[in-house]
Structures are given as C-alpha cells and as structure tokens.
Number of protein chains: 2
Amino acid sequence: MSKRSAANGSATPQIPDIVIARLPIYLRALTYLAQDGVKTTTSSHELGRHLGISSAQIRKDLAHFGEFGKQGTGYHIAYLIEQLRQILKLDREWEVAVIGAGYLGHALVHYNGFQHRGFRIRWVFDIDPEVLGRKMNGVTVQHLDDLEATVREKGIQIAIIAVPAAAAQDVADRLIDTGVRSILCYAPISLRVPDDVHIAYSDPVVQLQHMTYYLDPT
Amino acid sequence: MSKRSAANGSATPQIPDIVIARLPIYLRALTYLAQDGVKTTTSSHELGRHLGISSAQIRKDLAHFGEFGKQGTGYHIAYLIEQLRQILKLDREWEVAVIGAGYLGHALVHYNGFQHRGFRIRWVFDIDPEVLGRKMNGVTVQHLDDLEATVREKGIQIAIIAVPAAAAQDVADRLIDTGVRSILCYAPISLRVPDDVHIAYSDPVVQLQHMTYYLDPT
C-alpha cells in the first residue's frame, strides 16, 4: 500500500503519480501474458478484464508516454513490456539492501519474484548475533553498524525495512541520512521522511481491512 | 497493491472503492497518534501532512460516512478510530487462514501487526511433510487436503495465499469454491477470480518498480 510515495517526482513531473503506480501492474500482467506464450498481442480490453481496470483508463494512462497500440490490432506485448521497463528504469538491475534478517527478511531474501524484474537483494543487515555472518540465499548478514559505510560506499538508493516497528524510524533516518531515496517499509507504522524520499508501505492488515468492508459478519 | 478489489460492494455501494481503500490508512495513522498519547484531537491538515494526502481529500472521504469533525477543534481521535473500525467491520475479530508455511507463511504467522487490528491467523496449510504438524506461534500446520473441509466447517471468509506462483491459482480456486470471499495474494501472479471475490496483491516488486521511476540511475 503506497502512500505519499512520489510527492516530488524528478522526471516528467506532469504525469500523475497514480498513473505511475499503475504501470508496474500493467507490466506484471503483460509479463504474465508473455509467459503464457499463446499470444503476441493484447488489447486494453483484455488487459482491463485481467486487472479489473477499465480499458479507457489503461489507454489514457499509456497515452501519457506515447503511442503504443494500434486501433484494431492492439498492443504488441513484447514491445510494450520493453517500453514500460524503460519508462520505469528497469532496463538495469537495482541493488537493494534489506534491514532485518528475521522471518520477513528471510522471506524477502528467498523471494524469487525479484529475479528478472529489475532488482537484486545484495545486502542484509541485522543486530542479532544469532544471524550475523550467516548466508541467506548467497547474501551474508552484516551488522547494522556497517549500514552507513556500506550505503555510502555502494551508493545504495533502495532499501527495504523489515525490522520491528519500534526500530523502524531510527533505521529509516540512518538510511536517508546516508543517501537512500526509496524505502519499502514492512513495519506497521507511518514513518516521518523528507519530501524527496519515496516511501511505500506493505501492510497486510491495511489490505485486509479494506476487504472486510465488503464482508458480511456472520 | 490492491486491484479489482471490491468490484461489487454489498454495503453502501455508492461509495467509491478508492475511498474505502484509504480508510485503513487513516485508521493506522490515527492509531499511531493515539498511541503517542500526547493529543486527543487531530485535524485533516495534520493527518494529511502525516500521510501525504491532501486535507481536502481526507475531509471529503470521511464526509461519505457522517460528520466526524468540528470546524476549529478537528477530529476526536478515539471517536474517529471507533467509527472507522465500525465502518470497516473491525469491531469484531476476523479469523484468517494462511496457505503456505514457507518463509513467508512463517513471517505472516509471527507478524504482530495483526493483533488488536481485527485479525487473527487461526489456520495454516501446507503440503510439505517437513512442516506438517509443526506449531507456528500456536497454530498447527495442517495438510492442504484438509482445506475444503476446514473452510466449510469454520466458515472461513478470509485467506492469505503464500504459496509459489505455480500453485496459487489452484489454491485460489479451492478457497473460492468452498466459500472464501477475500483473498490477499503474495504470489507474484494475477489470479482469475469471480466478480464477487475481493482480491488484493502484495508484491514488493510492484511497489519498488513504482519508486524507481523517480530515481536517477547512476
């Protein structure tokens, strides 16, 4: 669940952030269709049905970035994937630091959804002597004391916070002070961050609470 | 990242789903303020600053449900929390099933963000003999063969899918066939679900891809 993400975009700030937020969802659906391998083209109607987004919305969103489809033949899937990857700066691999090597950090480091989608977890930090020095999916858990030096030396721009809520603000401050500009936070709290830092939150409870609105209590 | 969530709301369907989606975020921010304990009231301006949402948007969203604030004094935090919990049907505890007892299932079962926020993980299913019968945070891992019987018997309405992508559609079909109406999916694929099922996706890559748009590749 993303919020205050992208308050100040540096590139083409005239495109609404809510449009940018939908591009990765289009990219995921297109990649899914491409893996299916049955078709080479798709339409805004097909994508829309797949995603529960109106076809008009999809056409309007994509029109911000150019002319990707043709009336009658629709979108060429591989081409649109390539274009979206360029727009989202995914035509390179971003190296990511994970702070917290508990159950969640473990799950993240072993998550295979990062592969081929623009990201690689290269660093994991923790303070627990039990996990320090341990290899997780090829990444050695480092002490949090090394955080600042590593972020500076490696020019890390993206970090994932997977520490308990009580420690999250302190970790965020340290990341931001040393140059991190994008943070995905799994701790169930709202962080104070400067306007030029993009922050997104992943909180299963917020997502579940949205859905209970529509349920009938029994 | 929620999509197609709430295509057909049963209660007060005139309120846009995008408004409903923001209520849990307001609730989280208010709960955070309440825990701080310093203040008993807040304003749409303060909430907005905290969340990166305009104060006008917050006032407009809340106005769908009644008159919660007063010009000059703002919102009474504890009262607004109580009202939002009622609107979102969180004035009860929802019991949740988790499918998949791998690293992610582990992280979910041990996540303490569910407590006091309306949810309790009561069931965990898997097929791996290594984990079957094991206790995770007080919950015994059951075989997936028991899924249908348990969902029917217990009237489970909410499930979290934490299985690999290749198994996710099959698990979703089985959940939906036996009565589950809200699914939070962690597998990195888009699922086909009927219109009366609400589905939300948690995909860190989609959230990171949104943020890379604003980064400068070095």
Side-chain angles (χ1 to χ4, degrees), chain A residues 1-7 9-11 20-21 24-25 27-29 32 50-53 87-90 92 94 96 103-104 106-108 110-111 113-114 117-119 155 157-158 160 181-182 184 188-190 198 200 202-218, chain B residues 1-7 9-11 20-21 24-25 27-29 32 50-53 87-90 92 94 96 103-104 106-108 110-111 113-114 117-119 155 157-158 160 181-182 184 188-190 198 200 202-218:
Chain A
M1 191 102 339
S2 166
K3 58 201 176 66
R4 109 166 272 163
S5 193
S10 54
I20 308 300
I25 296 170
L27 179 58
R28 188 169 76 165
Y32 184 71
H50 201 56
L51 294 171
I53 298 175
I87 293 165
L88 293 169
K89 304 198 179 117
L90 302 170
R92 51 158 287 170
W94 294 93
V96 177
Y103 291 115
L104 178 59
H106 241 84
L108 286 164
H110 285 90
Y111 180 63
F114 292 110
R117 295 172 75 197
F119 302 91
Q157 294 196 61
I158 306 175
I160 301 179
R181 284 295 161 263
S182 295
L184 175 55
I189 69 160
S190 293
H198 294 105
S202 184
D203 184 342
V205 178
V206 164
Q207 294 184 291
L208 292 174
Q209 286 177 341
H210 175 189
M211 296 193 283
T212 49
Y213 175 81
Y214 298 99
L215 288 178
D216 297 316
T218 42
Chain B
M1 190 104 337
S2 167
K3 57 200 177 63
R4 108 169 275 162
S5 193
S10 54
I20 308 300
I25 296 171
L27 179 58
R28 187 169 76 165
Y32 184 73
H50 201 56
L51 295 171
I53 297 174
I87 293 166
L88 293 169
K89 304 194 180 121
L90 302 170
R92 49 158 287 170
W94 295 92
V96 177
Y103 292 115
L104 178 61
H106 240 84
L108 285 164
H110 286 89
Y111 179 64
F114 291 109
R117 295 172 75 198
F119 303 91
Q157 294 197 62
I158 305 175
I160 301 180
R181 283 295 161 264
S182 295
L184 175 55
I189 68 160
S190 292
H198 295 104
S202 184
D203 184 343
V205 179
V206 163
Q207 294 185 292
L208 292 175
Q209 287 177 340
H210 175 188
M211 295 193 283
T212 50
Y213 176 82
Y214 298 100
L215 287 178
D216 297 316
T218 45

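Computed from a prediction, not measured in an experiment: that's the story for all the values here. Order of the sequence lines sets the chain letters (A, B, ...), proteins ahead of strands, with each chain counted from 1.
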>> Which heavy atom of B:L108 sits nearest to which heavy atom of A:P204, and what is that distance?
In response: CD2-CG, 4.4 Å
> What distance do A:Q207 atom CD and B:S182 atom OG have between them, rounded to the nearest 0.5 Å?
Replying inline: 12.0 Å
> If every non-hydrogen atom of B:P188 is compared with every non-hydrogen atom of A:R117, which pair is closest and at what distance?
Replying inline: CB-NH1, 3.7 Å
>> For A:H110, which atoms come within 4.5 Å of any heavy atom of chain B: side chain, backbone, both, or neither?
In response: side chain
>> I'd like to check the side-chain hydrogen bond (donor to acceptor under 3.5 Å, both in side chains) partners of B:Y103; sequence neighbours left out, ordered by chain and number.
In response: none
>> Checking A:F119 now: which residues fulfil side-chain contact (heavy atoms from CB on, under 4.5 Å) with it, not counting sequence neighbours?
In response: A:L90, A:W94, A:V96, A:F114, A:I158, B:V205, B:L208, B:Q209, B:T212
> Do you know which two heavy atoms are closest between A:V206 and B:R28, and how far apart they sit?
Replying inline: CG2-CD, 4.2 Å
>> Can you tell me how far apart NE2 (A:H210) and CD1 (B:I25) are? Round to the nearest 0.5 Å.
In response: 9.5 Å
> What is the distance from atom CZ of A:R181 to atom CG of B:D216, rounded to the nearest 0.5 Å?
Replying inline: 11.0 Å
> What heavy-atom pair brings A:L184 and B:M211 nearest, and what distance separates the two atoms?
Replying inline: N-CE, 4.0 Å
>> Show the nearest heavy-atom pair for residues A:Y214 and B:I20, with the distance to one decimal.
In response: OH-CG1, 3.6 Å
